[in-house]
There are 2 protein chains.
Amino acid sequence: MRAMPQPSAPRRTTGRPPRISREQVLDTARRIVDEDGVDRLTMRRLATEIGSTPMALYHHVSNKEELLVLLLDDYAARTLRRPRMPDRPRERVVLAAATIHEVLAACPWIVPVLTADDLMAASALWFVEQIVDGLVECGLTPERAVHGYRAIWYYTAGEIVVRTTAARRRADDDRPTYRERVFADLDPSETPRLAQVADHWAPLTAEDTYMEGLRALVDGLLATR
Amino acid sequence: MRAMPQPSAPRRTTGRPPRISREQVLDTARRIVDEDGVDRLTMRRLATEIGSTPMALYHHVSNKEELLVLLLDDYAARTLRRPRMPDRPRERVVLAAATIHEVLAACPWIVPVLTADDLMAASALWFVEQIVDGLVECGLTPERAVHGYRAIWYYTAGEIVVRTTAARRRADDDRPTYRERVFADLDPSETPRLAQVADHWAPLTAEDTYMEGLRALVDGLLATR
DNA sequence: GCTACTTTTCTTACATGTACAAAAACGCTC
DNA sequence: GAGCGTTTTTGTACATGTAAGAAAAGTAGC
């Protein structure tokens with residue numbers, strides 16, 4: 001059973017005194033990511049730069065994934081600024097989601113974290129509150145409002161994950177993917193619409209249409225069918 | 001420059017004759033995944049079961065990720081059945097997306113593939129066509145229809161990725177995550193709505209609300225604002 | 001048969017996350 | 001100070017994906 005001390009747990013008096021702290025680990029990790037990107041963040045390098053050994057880190061974070069979660073929370077806490085909220089609740093929902101999206105989309109290294117967990121960073125809770133509250137004020141029951149928030153989160157996380165990974169793919173490897181080849185020689189008699197837009201497909205899918213989709217989703221959630 | 005022969009390329013007459021084929025690799029990989037799950041699929045084991053060496057595989061698939069993409073396409077081709085399409089175009093959009101979602105959600109091992117690429121499996125193109133065509137028939141321009149399809153795909157992929165990974169997380173590790181702890185002690189004065197639903201949060205987010213969100217999104221995409 | 005070339009396979013090696021156990025460094029009790 | 005329990009650190013080891021290059025096994029031209 002691993003210890004995993006709380007960030008501000010009272011100092012233990014017993015046992016070997018720690019030479020490194022979780023804060024130190026996070027600070028160094030953040031610097032490495034800032035300077036060289038998340039790909040260069042390895043447990044060995046992190047340990048070396050701290051002046052310790054890889055396995056020592058595991059007494060301060062339970063594994064690399066949790067380290068990334070903590071980094072994201074830290075990033076969100078530093079970057080997320082609460083905007084002035086509009087009066088109309090529907091616009092509050094849109095603005096809260098858009099703000100979260102804007103901040104997350106700006107740091108592509110969060111992708112594994114996004115897939116790993118819900119957005120429960122302490123600093124993001126206020127935005128979740130705004131979304132749920134806005135939906136309730138528009139007439140949804142609290143239950144449906146939570147479901148609505150989930151839908152917004154799925155859409156937001158999916159947009160970031162799919163888009164960022166596709167972009168990284170193109171950057172890593174300029175050969176056309178298998179999927180691109182499939183799309184290139186599609187059969188116009190089977191899929192006439194796709195054949196029709198095939199030439200514009202790449203630029204069309206490269207456009208940033210997050211806001212349009214978000215507004216559509218919120219509209220649909222609030223429409224009384 | 002790696003060769004990467006087309007699946008049905010004409011047999012080369014020169015060079016050392018291959019002892020294994022891409023088909024054989026895929027068949028064995030599929031069997032391993034079926035029997036023991038995707039976690040047990042390693043390049044070494046795959047090579048051993050084929051009776052070859054790990055690096056020999058790399059002449060038939062460019063890397064493990066592409067292997068998974070091919071597995072997914074193969075799975076989709078075997079599993080996806082085209083349902084009878086409703087007359088109303090809006091319902092066609094919903095049914096096409098729901099069918100794709102149903103098939104993908106049933107095999108959780110596709111998550112890394114979903115994040116890695118767009119849904120361009122040859123067998124799925126017909127469904128993409130149905131979505132784009134349905135949106136066009138409802139009055140969207142082809143460009144907006146493609147954007148609409150993208151939004152639906154973001155939502156669908158996000159739902160599967162977030163939900164599957166969260167489920168796996170809970171299965172792997174029964175300790176509460178850092179995020180859960182954050183949510184557990186939230187401040188009712190800061191986030192009253194969340195505090196209000198905090199008790200029901202877990203069951204609420206465990207519910208499968210994909211269809212509701214999908215309908216809302218489609219409604220919103222088709223609403224003329 | 002011999003050489004050149006091509007394609008596939010095999011061998012070796014490395015970077016990475018992390019499991020496991022031993023060792024080290026402290027306070028406590030006697 | 002000796003022994004003990006606790007906590008942190010360290011050293012070793014393993015599984016994994018895959019890069020790099022050598023080796024093998026064929027064909028084509030002579």
Side-chain angles (χ1 to χ4, degrees), chain A residues 1-6 9-25 28-29 32-33 36-71 109 112-113 116 172-173 175, chain B residues 1-6 9-25 28-29 32-33 36-71 109 112-113 116 172-173 175:
Chain A
M1 184 67 188
R2 198 163 276 146
M4 201 49 48
Q6 296 294 334
R11 172 77 176 85
R12 306 239 185 291
T13 62
T14 167
R16 176 173 176 166
R19 295 176 51 160
I20 61 180
S21 67
R22 170 189 276 213
E23 272 206 350
Q24 199 179 348
V25 172
T28 311
I32 293 177
V33 169
D36 292 358
V38 74
D39 291 340
R40 302 288 182 185
L41 177 64
T42 70
M43 300 302 273
R44 282 173 227 274
R45 172 165 174 191
L46 184 52
T48 304
E49 299 216 359
I50 290 183
S52 184
T53 60
M55 292 312 294
L57 304 175
Y58 286 83
H59 263 89
H60 304 273
V61 295
S62 59
N63 50 38
K64 189 175 180 181
E65 190 175 306
E66 188 186 80
L67 173 63
L68 291 176
V69 171
L70 292 171
L71 276 187
W109 54 268
V113 181
D172 282 1
D173 192 348
R175 288 178 308 164
Chain B
M1 182 67 187
R2 198 163 277 147
M4 203 48 48
Q6 296 294 332
R11 171 79 175 84
R12 302 242 186 290
T13 63
T14 168
R16 174 173 180 168
R19 294 176 50 159
I20 61 179
S21 67
R22 171 189 276 212
E23 272 206 350
Q24 199 179 349
V25 172
T28 311
I32 293 176
V33 170
D36 292 358
V38 73
D39 291 340
R40 302 287 183 187
L41 177 65
T42 71
M43 300 303 273
R44 282 176 229 278
R45 170 166 174 190
L46 184 52
T48 304
E49 299 215 0
I50 290 183
S52 183
T53 59
M55 292 311 292
L57 303 175
Y58 286 83
H59 263 87
H60 303 274
V61 295
S62 59
N63 50 39
K64 188 175 181 181
E65 189 174 306
E66 189 188 77
L67 172 63
L68 291 176
V69 171
L70 292 171
L71 275 187
W109 54 268
V113 181
D172 282 1
D173 193 348
R175 289 178 307 163

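So you know, we letter chains A, B, ... as the sequences are listed, proteins then strands, and number each from 1.
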Can you check whether His59(B) has a side-chain N or O nearer than 4.0 Å to OP1 or OP2 of dC10(C)?
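For dC10(C), OP1/OP2 do not have a side-chain N/O of His59(B) under 4.0 Å.
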Please state whether the phosphate of dT8(D), meaning OP1 or OP2, lies under 4.0 angstrom from any side-chain nitrogen or oxygen of His60(A).
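For dT8(D), OP1/OP2 do not have a side-chain N/O of His60(A) under 4.0 Å.
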By nearest atom, which of the nucleotides [options] is closest to the [X] side chain?
X	options	result
Arg16(B)	dG11(D), dT8(C), dT7(D)	dT8(C)
Ala56(A)	dA25(D), dC26(C), dT9(D)	dT9(D)
Met55(A)	dA25(D), dG11(D), dT6(C)	dG11(D)
Pro18(B)	dT8(C), dG26(D), dT8(D)	dT8(C)
Ser52(A)	dT10(D), dT9(C), dG17(C)	dT10(D)
Thr14(B)	dT18(D), dT6(C), dT6(D)	dT6(C)

Sidechain-backbone polar pair: Glu49(A) side chain, Arg45(A) backbone, donor-acceptor under 3.5 Å
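Not at all, since once roles are kept as given, no pair shorter than 3.5 Å links the two residues.
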Between Trp109(B) and Leu71(B), does a side-chain contact (heavy atoms from CB on, under 4.5 Å) hold up when you go through it step by step?
CA-CA 10 Å; Trp109(B) 54 268; Leu71(B) 275 187; 3.8 Å; yes
Rounded off to whole Å, could you give me the [atom1]-to-[atom2] distance for the [X] and [N] pair?
X	N	atom1	atom2	value
Glu66(B)	dG17(D)	CD	P	15 Å
Leu46(A)	dT10(D)	CG	P	13 Å
Asp39(A)	dG17(C)	CG	P	11 Å
Gln24(A)	dT8(D)	CD	P	14 Å
Arg40(A)	dT16(C)	CZ	C1'	13 Å
Tyr58(A)	dC20(C)	OH	P	13 Å
Arg19(A)	dA25(C)	CZ	P	9 Å
Glu65(A)	dT18(C)	CD	C1'	14 Å

For side-chain contact (heavy atoms from CB on, under 4.5 Å), just list the numbers for Thr53(A) and Arg44(A), CA-CA rounded to whole Å, side-chain angles, deciding distance to a tenth of an Å, and then say yes or no.
CA-CA 7 Å; Thr53(A) 60; Arg44(A) 282 173 227 274; over 6 Å; no
Mapping Ile20(B) and Arg44(B) onto DNA chain C by nearest heavy atom, which one lands closer to the 5' end?
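Its nearest nucleotide being more 5', the pick is Ile20(B).
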Applying a 4.0 Å non-hydrogen cut-off, can you work out what [X] is touching in the nucleic acid: base, sugar-phosphate, or nothing?
X	result
Thr42(A)	sugar-phosphate
Leu57(A)	nothing
Leu41(A)	sugar-phosphate

Residue whose closest nucleotide on DNA chain D lies nearer the 5' end, Met43(B) versus Ser21(A):
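Closest to the 5' end, via its nearest nucleotide, is Ser21(A).
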Locate the shortest heavy-atom distance separating His60(B) from Val25(B); write the atom from each residue and the value.
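Looking at all heavy atoms of both residues, the closest pair is CB-CG2, 4.3 Å.
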Would you indicate whether the side-chain heavy atoms of Leu68(B) and Leu41(B) approach each other to under 4.5 Å?
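In contact.
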Test side-chain contact (heavy atoms from CB on, under 4.5 Å) applied to Leu57(A) and Asn63(A), Ile20(A), Leu67(A), the passing residue:
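Per the side-chain contact (heavy atoms from CB on, under 4.5 Å) rule, the option paired with Leu57(A) is Ile20(A), out of Asn63(A), Ile20(A), Leu67(A).
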